[in-house]
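None of the values given here were measured: they were computed from a predicted structure. Within every chain, numbering begins at 1; the chains are lettered A, B, ... in the order of the sequence lines, protein sequences first and strands thereafter. Because only heavy atoms are used, hydrogens play no part in the values below, and waters and symmetry mates are left out as well, while side chains stay in.
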Amino acid sequence: MIGVGERMLELSNERAVMFPKERITKGDLVDYYLEVAAVMLPHLENRPLTVERFTKGIGARGFIQKNASEHYPEWIRRSEVPSRARAGEASNHVVCDEAATLVFLANQRCVTYHITPVQCDRLELPDRLIFDFDPPDAGESSFAAVRVGALAVGELLRECGLTPFVKTSGSKGLHVVAPLDRSAHIDEVRAFGKIASELLARRDPDRFTVSMAKSERAGRVFLDYLRNGYAQTVVAPYSVRPLPGAPVSTPLTWEELEEPTLHAQTYTLRNVRERLRERRDPWAGMDAHAGSLDDASLNLDAILAKA
DNA sequence: GTCGGAG
DNA sequence: CTCCGACAACGCATC
DNA sequence: GATGCG
C-alpha cells in the first residue's frame, strides 16, 4: 500500500519480470512512472488515453486497451470518444491527470501510453500538429535521414509561423510536434500535414516518401501524415516502449538533435531520470507557443506558390 | 491483471 | 472449480 | 469485399 498524492494504491507482484533481457520488473516500471509523473503528466492531461499492456512481460503478446476496465477505481477519470464511423458508439477512455492514475496503470502492466492530438473537451479541434518519421530500419544511415527530415520539417514549420518541438519515438524514428491554438478543425490540420509532408517528399525524394505502398518505399523514410486524424494516437512523451532495453520516447532540444551519437533509443527507462535531473523538460510550457493553423496554411500556400 | 462465460 | 478469451480500429492501399 | 499496414 503506497500513497500517491490523495490516493492509496495497492501494488502487486512487484518482482514480476516485464523486460526479461534487462531483468526490469513491474516494480521498476512503477518506480519509473512515479518518478517521471511530474514532467509527464502535463503531456497527458485532459487527453483520451490508449494504453499498451503486457500482462506476461514484453516477450509475450500484449494488447491495446482503449476502454477503461469496469473494475478500475471510481476516482480514475474517464472520457467518452464517439466513434466517427458508427453513430451511437463510443469508447470510454481513461484520462490521466494525476500521478496515481499513472502508477495504477503501471501496476496493471501498462507499458506504453498513447495520446490523441486533441483534448477531451474539443475532440475535433487539435492542439497538436504531428509529423511521424518512420525509417525502414533501425540502422545508422536511416536515422541520419530521419534527422534530416525532422530538421527540414522543423524549418518549414517555422517558416509557416509555428513553433516545432522534437522527440525520439523510442522505436526507430522521431516525432515533430507543433502546438496549435485549436482554431482549426481536425480535417484542416490533416490536410496541412499531408501537403507539408508531400512538399518534403518532393524536395528530397531519395530520402522521403508519403506512399503507404511498401513497394514504393524502398528504403526511404515514411512520412506518416495520417497521425493527424480523428481518434488517431501517438506515443506520449516519456512513455516506455515494449522493446529490448526499455527505450523511452524523449523530448529533445533542437540543438541535441545535432548530436551525432543520438538515435531513436538513446534514452531508456534506466537513464531518462538522470537526464531530467540535469535539465528541465525541453517540452515544458509548449502551449505558450500555440500557433494558428489558418495562418500557417496561408504561409504554406505562399511557399508552395514560389516553389 | 481482471472479469466473465464456458466447460 | 478451473480454463480461456477479451481487453482497438483510422484511413489508405493492395489483393 | 476482405485483408494488410502504420
Side-chain angles (χ1 to χ4, degrees), chain A residues 9-18 25-27 29-30 33 48-58 60-73 76 78-94 101-118 123-124 126 130-138 142 146 169-175 186-187 189-191 193-194 197-198 201 208-218 220-235 241-243 249 264:
Chain A
L9 293 175
E10 192 84 59
L11 300 179
S12 60
N13 215 358
E14 294 178 65
R15 314 281 299 276
V17 174
M18 294 299 292
T25 63
K26 196 174 76 167
L29 190 68
V30 165
Y33 280 119
L49 196 65
T50 300
V51 113
E52 240 180 301
R53 297 175 64 186
F54 293 83
T55 51
K56 295 194 295 220
I58 65 156
R61 198 165 55 258
F63 60 93
I64 289 168
Q65 188 171 17
K66 154 182 244 209
N67 288 289
S69 292
E70 210 68 48
H71 65 275
Y72 285 0
I76 286 186
R78 279 107 161 142
S79 177
E80 294 265 324
V81 178
S83 163
R84 226 187 195 189
R86 292 173 309 284
E89 287 185 42
S91 38
N92 193 26
H93 297 246
V94 166
T101 304
L102 202 50
V103 173
F104 176 86
L105 292 173
N107 187 59
Q108 292 289 305
R109 301 208 188 219
C110 299
V111 171
T112 305
Y113 298 82
H114 300 260
I115 50 173
T116 61
V118 299
L123 293 173
E124 305 215 342
I130 314 240
F131 292 85
D132 176 10
F133 294 84
D134 188 27
D137 57 71
S142 278
V146 167
S169 75
S171 177
K172 293 184 301 185
L174 292 168
H175 298 150
I186 190 150
D187 293 335
V189 176
R190 202 162 70 120
K194 183 174 195 286
S197 300
E198 286 166 347
F208 310 118
T209 177
V210 292
S211 171
M212 301 204 71
K214 242 183 178 166
S215 56
E216 261 298 298
R217 292 207 208 145
R220 290 179 284 184
V221 175
F222 173 51
L223 298 178
D224 187 1
Y225 61 85
L226 294 169
R227 294 281 157 179
N228 300 288
Y230 187 79
Q232 292 293 92
T233 65
V234 197
V235 173
R241 307 301 302 270
L243 299 171
S249 179

Residue whose nearest DNA chain C nucleotide is more 5′ - A/Gln232 or A/Ala213 | A/Gln232
Counting just side-chain N and O atoms, does A/Arg84 come under 4.0 Å of either OP1 or OP2 of C/dG11?
-> yes
Distance-only donor-acceptor check, side chains A/His93 and A/Ser91, under 3.5 Å = yes
Quick note, A/Gln108 side chain, CB onward, closest among B/dT2, C/dA8, D/dG6 is B/dT2
Atom CZ of A/Arg220 and atom P of D/dG6: how far apart are they, to the nearest Å?
-> 16 Å
Give A/Lys194 one of three labels, base, sugar-phosphate or nothing, depending on what nucleic acid heavy atoms sit under 4.0 Å from its own.
-> nothing
When rounded to the nearest 0.5 angstrom, what distance separates NE2 in A/His114 from CD1 in A/Ile64?
-> 5.5 Å
Please check the phosphate of C/dC12 (OP1 and OP2 only) for any side-chain N or O of A/Arg190 closer than 4.0 Å.
-> yes
Got a sec: does the CD of A/Glu89 have more than 12 other heavy atoms crowding it under 6.0 Å?
-> yes
Separation of C/dA8 P from A/Phe54 CZ (nearest whole Å) | 15 Å
Send over the distance from A/His93 NE2 to C/dC10 P, rounded to a whole Å.
-> 10 Å
Atom pair CG/CG of A/Leu174 and A/Asp134 - distance to nearest 0.5 Å = 11.0 Å
Assign A/Ser69 to base, sugar-phosphate, or nothing according to its heavy-atom contacts below 4.0 angstrom with the strands shown.
-> nothing
Residue A/Asp224, side-chain atoms from C-beta onward, closest of D/dG6, B/dT2, C/dC7 | D/dG6
Send over the distance from A/Lys172 NZ to D/dC5 C1', rounded to a whole Å.
-> 12 Å
So, does A/Asn92 use its side chain to make a donor-acceptor pair with the main chain of A/Asn67 at under 3.5 Å?
-> no
Minimum-distance nucleotide (side-chain atoms of A/Met212 versus C/dC12, B/dC3, C/dC10) | C/dC12
A/Ser12 near the nucleic acid: base, sugar-phosphate alone, or nothing, with a heavy-atom cut-off under 4.0 Å?
-> sugar-phosphate
What integer distance in Å separates A/Asn92:CG from C/dA8:C1'?
-> 14 Å
Taken to the nearest whole Å, CZ/A/Phe63 to P/C/dC4 is 17 Å
Mind calculating the distance between NE2 (A/His71) and P (C/dC7) to the nearest angstrom?
-> 15 Å
Minimum-distance pair of heavy atoms, taken over all atoms of A/Cys110 and A/Leu29 = O-CD2, 3.5 Å
Using whole Å, report how far NZ of A/Lys56 lies from P of B/dT2.
-> 15 Å
Please measure how far the C1' atom in C/dC10 lies from the corresponding atom in B/dT2, and state the result in whole Å.
-> 28 Å
From C/dA8, C/dC10, D/dG6, pick the nucleotide closest to the side chain of A/Ser83?
-> C/dC10
C1' atom, C/dA6 versus D/dG6: distance in rounded Å?
-> 23 Å
Comparing nearest nucleotides in DNA chain B, the 5'-proximal residue of the pair A/Asn107, A/Glu70 is A/Asn107
